[in-house]
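Following: one structure in structure tokens, then a few remarks.
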Amino acid sequence: MAKILVTGATGQIGAELTLALRERHGADNVIAAGHRREPSGNLAQTGPYLSLDVRDAAALDAVVSGQRITVIYHLAALLSAVAEEQPLQAWDINMNGLLNVLESARKHGCQVFFPSSIAAFGPGTPPFDTPQDTVQHPSTIYGITKVTGELLCDYYHCRYGVDARGVRYPGLISNQVLPGGGTTDYAVDIFYAAVKQRHYDCFLRADTQLDMMYMPDAIQAAIQLMETDANRLMHRNGFNVTAMSFTPAQLAAEIQQHLPGFTIGYAIDPLRQAIADSWPRHMDDSAARVEWGWQPQYDLTAMVTDMLRHITAKLRNE
Ligand code: SER
């Protein structure tokens, strides 16, 4: 039976992934570990929770060995915009955290999930139908930690047989936990502003097209990849996955279908615009589709309908 550790469990992906894994494997078999944020009620109430700084190799290893962990979903990381403000800290958390996880996995025979990102690409990458295997020369510290992470995971697999797997997530949109410090955060913020004020000032240009995904699909991707028979996998880490690709103007137009009075303005943040401009517009995720059956459920229309329903209910209850 799997015994799972989720690092970064209080973050945007971790909070929902932990709950999905608890439903699948039983609450006591999924340990949530967070550090920088307090756990939400749901997370702390539905199963074991502990505070863990992934940079502390001894503390991490004590949890993995003491709890007889067999699978680690390693989500603890700084996102792109906040990483650009604190590059050394981003390197420390994103790289040393991953290295500590891989070392514990090597010693104790754990399977590892590592989320890479569209940020693992850079200005020299083909921006449309970005291939699975192509130029990866990112211009952000976050992207550098993601490429290095993909390589480290592949290295630990080839050198030590660690079953490390991962995807390159696009911008993730969730109706529960807020992202915090990413370049694609606008695609979440816009829903709260639309419901509350019927207006949103976007920090990216109207025509900034990026890949995106609704959180239920992101959770499904992680679990599905981890459960796939290893013999089917030609790649292991950094699978391109996407569900939709849109600009702020297109997202605003879709929201206007539901809220006709909604308006969008633009107050460009040069830092985040430069980051977004260095990322691909639309990835080719056929390797994930062929090798492990990746198939998203939510397109732009379905995602916007569901987000507005949830955010409206959430704000009504506040
Ligand atoms: N959503 C992330 C960010 O904007 C990309 O991985 O930083």
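Nothing fancy with the numbering, it's 1 onward along the sequence. Everything quoted here is computed from the prediction, not taken from an experiment. Ligands are counted one by one from 1 in listed order, and the atoms in each one are counted from 1 as well.
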Under a 4.0 angstrom heavy-atom cut-off, which atoms of ligand 1 come close to [X]?
X      : result
Thr183 : 3 (C), 4 (O), 7 (O)
Leu79  : 2 (C), 7 (O)
Ser117 : 5 (C), 6 (O)
Ser80  : 3 (C), 4 (O), 7 (O)
Gly182 : 3 (C), 4 (O), 7 (O)

Taking the basic N atoms (NZ, or NE/NH1/NH2) and the acidic carboxylate oxygens, is any pair closer than 4.0 Å for Glu318 and Lys196?
no
Which label fits Phe114 and His74: parallel for a plane angle under 30°, tilted from 30 to 60°, or perpendicular past 60°?
parallel
Hey, what's the ring geometry for Tyr142 with Trp279, parallel, tilted or perpendicular (30° and 60° as the breaks)?
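The rings of Tyr142 and Trp279 sit tilted, inter-plane angle from 30° to 60°.
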Quick one: does Thr184 get within less than 4.0 Å of ligand 1, heavy atoms only?
yes
Could you report the tightest heavy-atom contact between Ile118 and Gly171, atom names first, then the distance?
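Heavy-atom minimum between the residues: CD1-N, 4.2 Å.
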Which of these, His310, Glu16, Met215, sits in a side chain to side chain contact (heavy atoms under 4.5 Å, CB included) with Gln176?
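Result: among His310, Glu16, Met215, Glu16 is the only option passing the side chain to side chain contact (heavy atoms under 4.5 Å, CB included) with Gln176.
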Taking atom NE2 as the centre, does His235 end up with more than 12 heavy-atom neighbours from other residues, nucleotides or ligands that are less than 6.0 angstrom away?
yes
Heavy-atom pairs closer than 4.0 Å: do any link ligand 1 to the side chain of Tyr186, the backbone, both, or neither?
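Answer for Tyr186: neither.
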Looking only at heavy atoms, is any part of Ala119 under 4.0 Å from ligand 1, and if so is it the side chain, the backbone, or both, or is it neither?
neither
Is the closest N or O pair between Asp185 and ligand 1 shorter than 3.5 Å?
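No; the residue has no nitrogen or oxygen that sits under 3.5 Å from a nitrogen or oxygen of the ligand.
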Dump the intermediate steps for side chain to side chain donor-acceptor pair (under 3.5 Å) on Gln197 and Tyr192, then the final yes or no.
CA-CA 8 Å; Gln197 293 118 24; Tyr192 289 85; over 6 Å; no
